[in-house]
Protein chains: 2
Amino acid sequence: MPDTILIVDDEPDVVDLLVFNLQKAGYKTSTAREGRTALQKIRDELPALVVLDLMLPGIEGTDICRQLRADPKTAHIPVIMLTAKAEEVDRIVGLELGADDYITKPFSPRELTLRVKTILRRAAGTSMPSETLKHGDLLVDRAKHDVTFKGKSLDLTATEFKLLATLLERRGRVQTRDMLLQDVWGYEGDVDTRTVDTHVRRLREKLGKAGDWIETVRGVGYRFIE
Amino acid sequence: MPDTILIVDDEPDVVDLLVFNLQKAGYKTSTAREGRTALQKIRDELPALVVLDLMLPGIEGTDICRQLRADPKTAHIPVIMLTAKAEEVDRIVGLELGADDYITKPFSPRELTLRVKTILRRAAGTSMPSETLKHGDLLVDRAKHDVTFKGKSLDLTATEFKLLATLLERRGRVQTRDMLLQDVWGYEGDVDTRTVDTHVRRLREKLGKAGDWIETVRGVGYRFIE
DNA sequence: GAGGAATGTGACGAACGTGTGACAGGCTTG
DNA sequence: CAAGCCTGTCACACGTTCGTCACATTCCTC
């Protein structure tokens with residue numbers, strides 16, 4: 001799954017140029033023309049990186065940067081500032097605000113792409129991607145150890161959580177009871193295999209309507225639908 | 001303890017300029033005039049960051065960068081490239097080699113200092129240094145080693161403070177007892193995992209109503225609410 | 001549609017995990 | 001040296017969770 005990069009600029013030409021080049025480099029892109037929608041998209045889509053024009057109609061780029069840093073959910077997202085002014089003052093403001101880099105217009109698309117790559121590589125090492133599994137409205141966050149369905153948090157047991165995560169992680173592929181016993185329970189040989197069935201039942205109950213995502217493959221085991 | 005920055009350049013003027021400015025910014029400095037000594041100093045002193053001239057007598061800056069990246073002990077050290085040539089080709093080479101940033105000569109010392117700060121900040125943690133952590137009316141000041149809740153100062157012991165700071169810093173994410181033992185206790189002696197429970201209890205007691213911020217995730221560990 | 005096998009369902013005792021109170025050793029402080 | 005605090009450990013209590021069983025239901029085969 002490719003990283004998504006949010007591009008915030010009010011000049012369509014610039015946006016198109018960036019979209020074209022970044023997509024060619026293998027990134028997904030998302031765009032916003034002004035500050036308010038930019039902030040909303042950042043919160044909703046949680047992009048891997050934001051390319052942010054300093055001069056925007058409405059909210060200034062600097063303010064966006066500040067608000068982005070203030071929220072723990074988005075504080076870790078790297079920012080590259082775009083600026084038409086070459087003066088150092090602007091650079092300082094940008095960098096001290098917590099921007100990770102800046103580029104002055106006019107810029108070479110190739111250079112920007114390289115900077116994006118560098119920063120994302122660096123970010124990949126340090127921050128944890130908050131390993132999260134998703135299927136429709138069902139969200140499983142391993143770091144938070146939290147499951148939500150349609151925004152509502154579900155109260156799962158430790159084993160139930162592990163079972164769900166394992167099934168979801170291998171969605172589409174059938175897991176035999178033995179496989180599950182080994183990977184979820186850590187068991188080796190002969191345990192009553194009905195144990196798995198019971199936990200699947202409890203899991204389905206708690207998942208409610210999403211419980212149907214877990215299919216039983218008769219004679220084999222269980223599978224999370226694709 | 002200040003971070004050490006290694007400056008590698010064969011022009012004494014440049015080196016002096018950098019030393020002066022970086023020391024003023026609070027960093028320790030170390031210098032090398034050519035490639036061989038540079039590599040040795042990197043291995044011996046393990047600097048927090050390297051400022052590296054691309055053009056050096058003897059070994060090229062690019063080679064140093066490669067060798068530095070090849071050794072697991074030094075692979076993580078950020079590198080800022082200095083180059084007299086402004087051509088994009090050189091920039092690409094530098095960035096693709098694993099340099100974290102570059103600056104073209106002549107450069108403003110102030111700008112370099114800012115870049116150093118940015119990169120080190122990113123390398124240090126995931127996000128901002130965040131000397132003070134906040135959640136609602138709860139304030140944790142790491143510098144002052146002080147915790148206040150609703151304006152009232154709380155009297156926490158060293159371990160309790162560290163535990164709270166660690167949990168708060170990673171709010172939302174569950175910390176297993178082993179994780180906490182490692183990060184709060186340092187994992188020196190093999191302490192009983194129940195020790196964590198006891199300290200969480202004492203912490204909750206002292207936090208009063210804010211003690212509910214610390215959730216216990218059964219079968220996994222503890223978590224500060226988001 | 002009958003029979004058999006596999007799975008869903010409900011219930012229950014045991015085991016487990018966590019909260020709580022207490023205590024002893026070690027360290028600092030006066 | 002005594003007093004006090006911090007810390008790690010233990011034992012006990014309590015609620016939750018787990019694994020198992022018996023029974024009901026569904027599905028497949030013939």
Side-chain angles (χ1 to χ4, degrees), chain A residues 145-147 153-167 174-225, chain B residues 145-147 153-167 174-225:
Chain A
H145 213 270
D146 180 56
V147 179
S153 182
L154 300 180
D155 190 33
L156 296 193
T157 282
T159 18
E160 285 161 2
F161 184 89
K162 218 167 176 180
L163 175 62
L164 175 60
T166 305
L167 285 171
V174 180
Q175 303 298 309
T176 68
R177 290 177 175 73
D178 286 335
M179 287 163 98
L180 290 172
L181 278 173
Q182 191 167 329
D183 296 340
V184 178
W185 278 262
Y187 284 178
E188 287 297 322
D190 36 28
V191 198
D192 189 355
T193 51
R194 298 309 309 280
T195 297
V196 178
D197 299 38
T198 305
H199 276 87
V200 168
R201 170 171 56 100
R202 289 170 181 155
L203 186 53
R204 278 175 174 156
E205 250 175 39
K206 293 193 179 175
L207 286 181
K209 208 181 154 197
D212 297 340
W213 298 154
I214 302 175
E215 297 176 324
T216 121
V217 182
R218 201 180 174 80
V220 189
Y222 296 93
R223 166 178 60 193
F224 202 101
I225 64 164
Chain B
H145 216 270
D146 179 57
V147 180
S153 182
L154 299 180
D155 190 33
L156 298 192
T157 70
T159 332
E160 286 159 4
F161 184 86
K162 217 166 176 181
L163 176 61
L164 176 60
T166 305
L167 285 171
V174 176
Q175 304 300 118
T176 66
R177 291 178 175 71
D178 285 333
M179 287 162 104
L180 290 171
L181 279 175
Q182 189 163 334
D183 296 340
V184 177
W185 277 261
Y187 221 52
E188 327 156 11
D190 34 14
V191 273
D192 192 342
T193 52
R194 295 308 309 280
T195 298
V196 177
D197 299 38
T198 304
H199 280 267
V200 167
R201 170 171 55 102
R202 289 169 183 157
L203 185 54
R204 278 176 174 155
E205 257 173 33
K206 292 193 180 175
L207 287 180
K209 208 181 156 199
D212 297 340
W213 298 154
I214 302 176
E215 297 176 323
T216 122
V217 182
R218 199 183 174 81
V220 189
Y222 294 95
R223 165 178 61 190
F224 201 102
I225 65 163

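Only a predicted model underlies this, so the values are computations on that prediction, with no experimental measurement involved. In what follows, chains carry the letters A, B, and so on, assigned in the order in which the sequence lines appear, proteins first and then strands, with residues in each chain numbered from 1.
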Atom pair distance, as rounded to whole Å: [atom1] in [X] and [atom2] in [N]:
X        : N      : atom1 : atom2 : answer
A:His199 : D:dT16 : NE2   : P     : 16 Å
A:Leu203 : D:dG19 : CG    : P     : 14 Å
A:Phe161 : C:dG17 : CZ    : P     : 18 Å
A:Glu160 : D:dT16 : CD    : C1'   : 11 Å
A:Leu181 : D:dT20 : CG    : C1'   : 13 Å

query: Taking all atoms of both residues into account, what is the closest heavy-atom pair of A:Ala158 and B:Val220, and its distance?
result: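 Heavy-atom minimum between the residues: CB-CG2, 4.5 Å.
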message: How close do B:Val184 and B:Thr159 get, counting heavy atoms only, and between which atoms?
response: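 So the two residues come closest at CG1-O, 4.1 Å.
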query: Do A:Asp197 and A:Arg177 meet the salt-bridge criterion of a basic N to acidic O distance under 4.0 Å?
result: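 Yes, charged N to carboxylate O under 4.0 Å.
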- prompt: Is the closest side-chain heavy-atom distance between A:Gln175 and A:Val196 below 4.5 Å?
  reply: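 A side-chain contact is absent here, since even the closest heavy-atom pair is not under 4.5 Å.
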- prompt: Are B:Thr166 and B:Met179 side-chain neighbours, meaning at least one heavy-atom pair lies under 4.5 Å?
  reply: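 The answer is no; the side chains never approach within 4.5 Å.
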- prompt: Can you find an N or O donor on one side and an acceptor on the other, under 3.5 Å apart, linking the side chain of B:Arg202 with the base of D:dG8?
  reply: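 Yes, a donor-acceptor pair under 3.5 Å.
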Phosphate OP1/OP2 of D:dG19: any A:Trp185 side-chain N/O under 4.0 Å: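 Affirmative; the distance criterion is met.
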field: Side-chain N,O (B:Thr195) to OP1/OP2 (D:dT7) below 4.0 Å
entry: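 Answer no for this pair, as no side-chain N or O of B:Thr195 is under 4.0 Å from OP1 or OP2.
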- line: Per-nt protein contacts along nucleotides 2-9 of chain C (heavy atom under 4.0 Å; B base, S backbone sugar-phosphate only, - none) come out as ---BBBBB
message: Both A:Asp155 and B:Val196 contact DNA chain D. Taking the nearest nucleotide for each, which residue is further toward the 5' end?
response: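 Its nucleotide being nearer the 5' end, the pick is B:Val196.
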query: Which of parallel (below 30°), tilted (30 to 60°) and perpendicular (above 60°) describes B:His145 and B:Phe161?
result: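 B:His145 vs B:Phe161 ring planes: parallel.
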